[in-house]
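See structure below.
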Amino acid sequence: MTGTDVQKEAEDSGPSGYAAARLRLLTEEARSGPPRRAALAELTDDWLTGLFAAGAEGLRGASLVAVGGYGRGELSPRSDLDLLLLHDGSDIKAVAALADRLWYPVWDLGLDLDHSVRTPAEARKTAGEDLKVQLGLLDARHIAGDLGLTASLRTAVLADWRNQAPKRLPELQELCAERAERQGELQYLLEPDLKEARGGLRDATALRAVAASWLADAPREGLADARRRLLDVRDALHLATGRATDRLALQEQDQVAAELGLLDADTLLRQVYEAARLVSYASDVTWREVGRVLRSRAVRPRLRAMLGGGKPTAERSPLAEGVVEQDGEVVLARAARPERDPVLPLRAAAAAAQAGLPLSLHAVRRLAATVRPLPTPWPAEAREQLVTLLGSGRPTIEVWEALEAEGLITRLLPDWERVRCRPQRNAVHLWTVDRHLIETAVRASEFTRRVSRPDLLLVAALLHDIGKGWPGDHSVAGEIIAKDVAARIGFDRHDVTVVATLVRHHLLLIDTATRRDLEDPATVRSVAEAVGSQGTLELLHALTEADALATGPAAWSSWRGSLVADLVKRVSAVLAGDVPDDPEEAAPTAEQERLALEAAATGSPVLALRAQTEPPAGQEPSGDPEPLGVELLIAVPDQPGVLPAVAGVLAMHRLTVRTAELRSLHLPDGVDGSVLLLDWRVAAEYGSLPQAARLRSDLVRALDGSLDIAGRLAERDAAYPRRRGVVAPAARVSVHPAASRLATVIEVRSQDAPGLLFRIGRALEDASVQVRSAHVSTLGANAVDAFYVTGPEGAPLPGDEAASVARKLEETLRG
């Protein structure tokens, strides 16, 4: 039977004919999705038109209007009929009789009905008082009766909505936020409400309302398809259950998947999550744009008055090379060239997350459309920017989602595709696999002060469940994938092995601590053999806690934490033979010795800047040499204040210190005095590097006291106050008495910031200790610095004095 035949049957047979035609339509296997919803709406229109014609004989000034989902022509099998009987008020009794002739047949068929009888003035008044009524009227569609009456109401309602948008849109946003708080996020729920949860059909309708206001518009790409997919799932759910339900319960997912011709319930959920994620992202972008427009409208009159009627120019503040802040978003600088700068997406993302700001939709789309792929292995800067992004805490999530919405994440990390939107059928897990991985990185960022290699911790957190997209044991599969990914992003062979070990054994500590006898020496030995070193154990301990906290409340407790800590303590004792020896003093290179002799002869600092293209120690060279930054060599006659002076001058010139070493150099026989050698790798925050002569001039002034570094840095901070951005974990300073026999080792783990090394160096100078050597490394946004210090006589500090120095240094960094 054709669609026309079905409609004719409904017209000829009245309510019973409509019911039979409706049933026939819903059981047609050949028709589903949008065609079936449209056909059902058309069939219902014809039936209601017949009812209206029979009941409105002789009545003028009345019309029947479909609103809400029915107004959009989107009738699911068990959808409500949202109807408005509109009239001009001239014959109230006739209208009441007509209403009975319309509503009772609908009720008799057992259909849900949301109905009202109003004049246009009453409809507008109610819409002005009730946002939900106004939203329904935005989709008003004429069914029968006086077309002019319906058209007039539609025109008036749209005009009201646009005129009142500055007031009503914040109200709508609040309504969406309250609903999300109650219902949760559709893209992560195992039993989601397709309509009410965040990212569901209600939010898609809200985006249509925003677009109708002409104030802002949602990103349209893929949005209609996502909405269609959610409606298709709801149709199948209605048919599978025979009920008007929007909740996709576990026991019905297999049947719904079969109704849609999908492989299984996991495939169904993954499609639902993908659609919900797109709607959620579009909502975020749209509401951000609404806020920007409303703020702009609020300040524009004042700015115009101040500027004498001129058009204000949006302020742009630099964040990183090629990246600026504008109107509360991170955008690309005018001079940025994504097609020539493959690191730009990661640099922009890291800058946005560090500043706690969203990436603009335009910027992300431009990057997705024009940026070139990163080479393999990645440049060092790309790896550092990824680590910075992962270590930025909560803001990482929104930035990561923006990159993922435009396909940039799977281009950077192709293996991500297998875990994207993948459900986890475990009541303990709150998130999909991909979101759990990001949540684990966020949790791990809180523990970066606990480990000596925060970069490896953060990357392992990102990859620890990457094997869940493959068959078999996800830890075993994940080890292989993690090894490949870590090598691709540029870690050396040793670091690749550590990351792979962490992924392979990320469940080892929690499983052993909660399921094995820790008093059995064999248990502890087996863990020690699997872990291999103190450094890996430290990382695995932090990863275990981050993973559990990111899973859900049931996965971690103080009891579980104490069991894991006890196991770690026992394993550490077995590995205690790995205590590091005193650092060996490497022989100076010819250039280092030349600079040292010149510094000793002139009594002033000597420095050299050169591009560093050699790979770090332990890393094999690859094809074309890759610039790893700029190496800064400085030789200075031994004197107090060298470390803070050099660090302060570099901070003044906006140079970021990536790695740094300071040591005393033995001069050849016959040369008087001693020289400190500083071998650092630096990079400009943005712009070009300063000239070596300028650096040397400022360093001379800093050492003789004529350059007030602290004052200059304070003035700059006052002129350009740092944004709130990420709330980083507090700095941690610890003493390692067993790390050296010749000096006291003080380790600082802190958030990297301009002038950090200057503050540390000055604090150590104020404590009257001598820095025998220093080993500084910046890993993403984290600084991990070790200082070998002695007292004035050149001996290690007594225990209580070392603890006092560490405590004061920690107070300085937290102040």
Return the minimal non-hydrogen interatomic distance between [X] and [Y], and the atom names on each side.
{"X": "Ala352", "Y": "Val399", "value": "CB-CG2, 3.9 Å"}
{"X": "Val65", "Y": "Ala140", "value": "CG1-CB, 3.7 Å"}
{"X": "Leu26", "Y": "Leu40", "value": "CD2-CD2, 4.2 Å"}
{"X": "Ala204", "Y": "Val279", "value": "N-CG1, 4.0 Å"}
{"X": "Leu215", "Y": "Val290", "value": "CD2-CG1, 4.5 Å"}
{"X": "Val117", "Y": "Ala99", "value": "CG2-CB, 4.1 Å"}

Looking at [Y] and [X], is any side-chain nitrogen of the basic one under 4.0 Å from a carboxylate oxygen of the acidic one?
{"X": "Arg425", "Y": "Asp266", "result": "yes"}
{"X": "Arg243", "Y": "Glu252", "result": "yes"}
{"X": "Asp139", "Y": "Arg208", "result": "yes"}
{"X": "Glu274", "Y": "Arg229", "result": "yes"}
{"X": "Arg60", "Y": "Asp146", "result": "no"}
{"X": "Glu28", "Y": "Arg24", "result": "no"}

Please determine, by modelled atom types, if [X] and [Y] share a side-chain donor-acceptor pair under 3.5 angstrom.
{"X": "Asp264", "Y": "Thr267", "value": "yes"}
{"X": "Lys468", "Y": "Gln424", "value": "yes"}
{"X": "Asp203", "Y": "Ser283", "value": "no"}
{"X": "His115", "Y": "Asp82", "value": "no"}
{"X": "Ser116", "Y": "Arg118", "value": "yes"}
{"X": "Arg168", "Y": "Gln134", "value": "yes"}
{"X": "Asp434", "Y": "Tyr273", "value": "no"}

Tell me which one of Arg234, Arg36, Arg37, Arg227 satisfies salt bridge (charged side-chain N to carboxylate O under 4.0 Å, His left out) with Glu74.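 Single salt bridge (charged side-chain N to carboxylate O under 4.0 Å, His left out) partner of Glu74 among Arg234, Arg36, Arg37, Arg227: Arg227.
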Less than 6.0 angstrom separating the ring centers of Trp214 and Trp161, yes or no?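 Ring centroids of Trp214 and Trp161 are no less than 6.0 Å from each other.
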Less than 6.0 Å separating the ring centroids of His474 and His464? no
Would you say [X]'s side chain and [Y]'s backbone share a donor-acceptor pair under 3.5 angstrom?
{"X": "Ser152", "Y": "Gly148", "answer": "no"}
{"X": "Ser296", "Y": "Arg292", "answer": "no"}
{"X": "Arg154", "Y": "Arg141", "answer": "no"}
{"X": "Arg411", "Y": "Ala368", "answer": "yes"}
{"X": "His429", "Y": "Trp431", "answer": "no"}
{"X": "Ser76", "Y": "Ser79", "answer": "no"}
{"X": "Arg247", "Y": "Leu194", "answer": "no"}
{"X": "Arg22", "Y": "Pro77", "answer": "yes"}
{"X": "Arg101", "Y": "Ala97", "answer": "no"}
{"X": "Ser213", "Y": "Val210", "answer": "yes"}

Within the 4.5 Å heavy-atom criterion, are [X] and [Y] side-chain neighbours or not?
{"X": "Val157", "Y": "Leu138", "answer": "yes"}
{"X": "Ser280", "Y": "Gln187", "answer": "yes"}
{"X": "Leu83", "Y": "Val67", "answer": "no"}
{"X": "Lys195", "Y": "Gln183", "answer": "no"}
{"X": "Leu248", "Y": "Glu191", "answer": "no"}
{"X": "Trp107", "Y": "Leu113", "answer": "yes"}
{"X": "Leu48", "Y": "Tyr70", "answer": "yes"}
{"X": "Arg179", "Y": "Arg202", "answer": "yes"}

Yes or no on salt bridge (charged side-chain N to carboxylate O under 4.0 Å, His left out) for Asp327 and Arg295, after CA distance, side-chain angles and deciding distance? CA-CA 10 Å; Asp327 286 336; Arg295 285 193 304 272; over 6 Å; no
Find the distance between [atom1] ([X]) and [atom2] ([Y]) and round it off to the nearest 0.5 Å.
{"X": "Thr119", "Y": "Asp88", "atom1": "OG1", "atom2": "CG", "answer": "9.0 Å"}
{"X": "Asp232", "Y": "Leu237", "atom1": "CG", "atom2": "CG", "answer": "12.5 Å"}
{"X": "Glu221", "Y": "Leu361", "atom1": "CD", "atom2": "CG", "answer": "9.5 Å"}
{"X": "Thr396", "Y": "Glu439", "atom1": "OG1", "atom2": "CD", "answer": "10.0 Å"}
{"X": "Leu81", "Y": "Asp114", "atom1": "CG", "atom2": "CG", "answer": "10.0 Å"}
{"X": "Leu462", "Y": "Trp416", "atom1": "CG", "atom2": "CH2", "answer": "4.5 Å"}

Other residues, nucleotides and ligands only: do more than 12 of their heavy atoms fall within 6.0 Å of [atom1] on [X]?
{"X": "Glu196", "atom1": "CD", "value": "yes"}
{"X": "Trp103", "atom1": "CH2", "value": "yes"}
{"X": "Glu178", "atom1": "CD", "value": "yes"}

Candidates Glu185, Glu404, Glu401 - the one meeting side chain to side chain donor-acceptor pair (under 3.5 Å) with Arg277: Glu404
Partner of Glu259 under side-chain contact (heavy atoms from CB on, under 4.5 Å), chosen from Leu268, Val233, Leu239: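 Only one option passes, and that is Leu239.
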For Leu75, which of Asp235, Asp45, Thr44 qualifies under side-chain contact (heavy atoms from CB on, under 4.5 Å)? Thr44
Applying side chain to side chain contact (heavy atoms under 4.5 Å, CB included), run through Leu85 and Val95 and close with a yes or a no. CA-CA 8 Å; Leu85 180 54; Val95 169; 3.9 Å; yes
For the residue pair Tyr18 and Trp47, does the interplanar ring angle fall in the parallel (under 30°), tilted (30 to 60°) or perpendicular (over 60°) class?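 Parallel.
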Between Leu109 and Leu111, is the side chain to side chain contact (heavy atoms under 4.5 Å, CB included) condition met? List the steps. CA-CA 6 Å; Leu109 288 181; Leu111 300 177; 4.2 Å; yes
Any chance you could lay out the salt bridge (charged side-chain N to carboxylate O under 4.0 Å, His left out) test for Lys125 and Glu129, step after step, and finish with the verdict? CA-CA 6 Å; Lys125 182 176 184 295; Glu129 296 168 350; 2.7 Å; yes
